[in-house]
Amino acid sequence: QVQLVESGGGLVQPGGSLKLSCVASGFTLDYYAIAWFRQAPGKEREAVACTSGIEDTKEYVDSVKGRFTISRDNAKNTVYLQMNSLKSEDTAVYYCATRVPTIARENLGCLFEMEFWGKGTRVTVPS
């Protein structure tokens, strides 16, 4: 079955960097969109970044543009989120997610209709 396992979270000082990994199993990553979401304490889950399946198009929310980079290594069935210049407001549990690919969903963009979720990895940036 589809499984996603995140790792790489931790405690980092403001301005520091972390690289999160999302290892996928139960399917071949090549045609699947993968998205990173996060949920801060007391807040709703929000999208962070994604990479589409077929064309590997990347999308970022405004708050992380220029600081975060999403990438994929299909040979390793892994998607990464490189996070630089971290701020206290980046503190959250980070989740990766995916969905069964369809043409309609590819046209929607890669942040929508996620069906499968990992359990998350915690990132803490003290203020």
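We count residues from 1, following the sequence as given.
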Please list every donor-acceptor pair under 3.5 Å in which a side-chain atom of residues 80-91 meets a protein atom from a residue at least two apart or in another chain.
{"from": "Q82", "atom 1": "NE2", "to": "N84", "atom 2": "OD1", "distance (Å)": "2.9"}
{"from": "N84", "atom 1": "OD1", "to": "S17", "atom 2": "OG", "distance (Å)": "2.9"}
{"from": "D90", "atom 1": "OD1", "to": "R38", "atom 2": "NH1", "distance (Å)": "2.9"}
{"from": "D90", "atom 1": "OD1", "to": "R67", "atom 2": "NH2", "distance (Å)": "3.0"}
{"from": "D90", "atom 1": "OD2", "to": "R67", "atom 2": "NH1", "distance (Å)": "2.7"}
{"from": "D90", "atom 1": "OD2", "to": "R67", "atom 2": "NH2", "distance (Å)": "3.4"}
{"from": "D90", "atom 1": "OD2", "to": "K87", "atom 2": "N", "distance (Å)": "2.8"}
{"from": "T91", "atom 1": "OG1", "to": "S88", "atom 2": "O", "distance (Å)": "3.0"}
{"from": "T91", "atom 1": "OG1", "to": "V125", "atom 2": "N", "distance (Å)": "2.8"}
{"from": "T91", "atom 1": "OG1", "to": "V125", "atom 2": "O", "distance (Å)": "3.1"}

Would you list the atom pairs, donor with acceptor, under 3.5 Å between side chains in residues 68-77 and any protein atom, with sequence neighbours excluded?
{"from": "R72", "atom 1": "NE", "to": "T51", "atom 2": "OG1", "distance (Å)": "3.3"}
{"from": "R72", "atom 1": "NH1", "to": "L29", "atom 2": "O", "distance (Å)": "3.0"}
{"from": "R72", "atom 1": "NH1", "to": "Y32", "atom 2": "O", "distance (Å)": "3.3"}
{"from": "R72", "atom 1": "NH1", "to": "N74", "atom 2": "OD1", "distance (Å)": "3.3"}
{"from": "R72", "atom 1": "NH2", "to": "Y32", "atom 2": "O", "distance (Å)": "2.6"}
{"from": "R72", "atom 1": "NH2", "to": "T51", "atom 2": "O", "distance (Å)": "3.3"}
{"from": "R72", "atom 1": "NH2", "to": "S52", "atom 2": "O", "distance (Å)": "3.0"}
{"from": "D73", "atom 1": "OD1", "to": "A75", "atom 2": "N", "distance (Å)": "3.1"}
{"from": "D73", "atom 1": "OD1", "to": "K76", "atom 2": "N", "distance (Å)": "3.3"}
{"from": "N77", "atom 1": "OD1", "to": "L29", "atom 2": "N", "distance (Å)": "3.0"}
{"from": "N77", "atom 1": "ND2", "to": "A24", "atom 2": "O", "distance (Å)": "3.1"}
{"from": "N77", "atom 1": "ND2", "to": "F27", "atom 2": "O", "distance (Å)": "2.8"}

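Among residue pairs with one or both ends in residues 17-79, those qualifying as disulfide (SG to SG under 2.5 Å) are C22-C96, C50-C110; sequence neighbours excluded. Annotation: ring pair (Phe, Tyr, Trp, His ring centres under 6.0 Å) contacts involving residues 47-66, sequence neighbours excluded, are absent.
Looking at residues two or more places apart in sequence or on another chain, you find a ring pair (Phe, Tyr, Trp, His ring centres under 6.0 Å) between F37 and W117. Every residue two or more places apart in sequence or in another chain was checked for a side chain to side chain donor-acceptor pair (under 3.5 Å) with N107, and none qualifies. Take Q3 and apply the side chain to side chain contact (heavy atoms under 4.5 Å, CB included) test, not counting sequence neighbours, and it matches Q1, S25. Taking the side chain to side chain contact (heavy atoms under 4.5 Å, CB included) definition, one finds that V61 meets it with A47, S63, V64, sequence neighbours left out. Shown here are the salt bridge (Lys or Arg N to Asp or Glu O under 4.0 Å) partners of K119, two or more places apart in sequence or in another chain: there are none. For V5, there are no side chain to side chain contact (heavy atoms under 4.5 Å, CB included) partners two or more places apart in sequence or in a different chain. Checked against side chain to side chain contact (heavy atoms under 4.5 Å, CB included), K43 has the following partners two or more places apart in sequence or in another chain: A40. The side chain to side chain donor-acceptor pair (under 3.5 Å) check on R105 picks up E113, E115, with sequence neighbours excluded.
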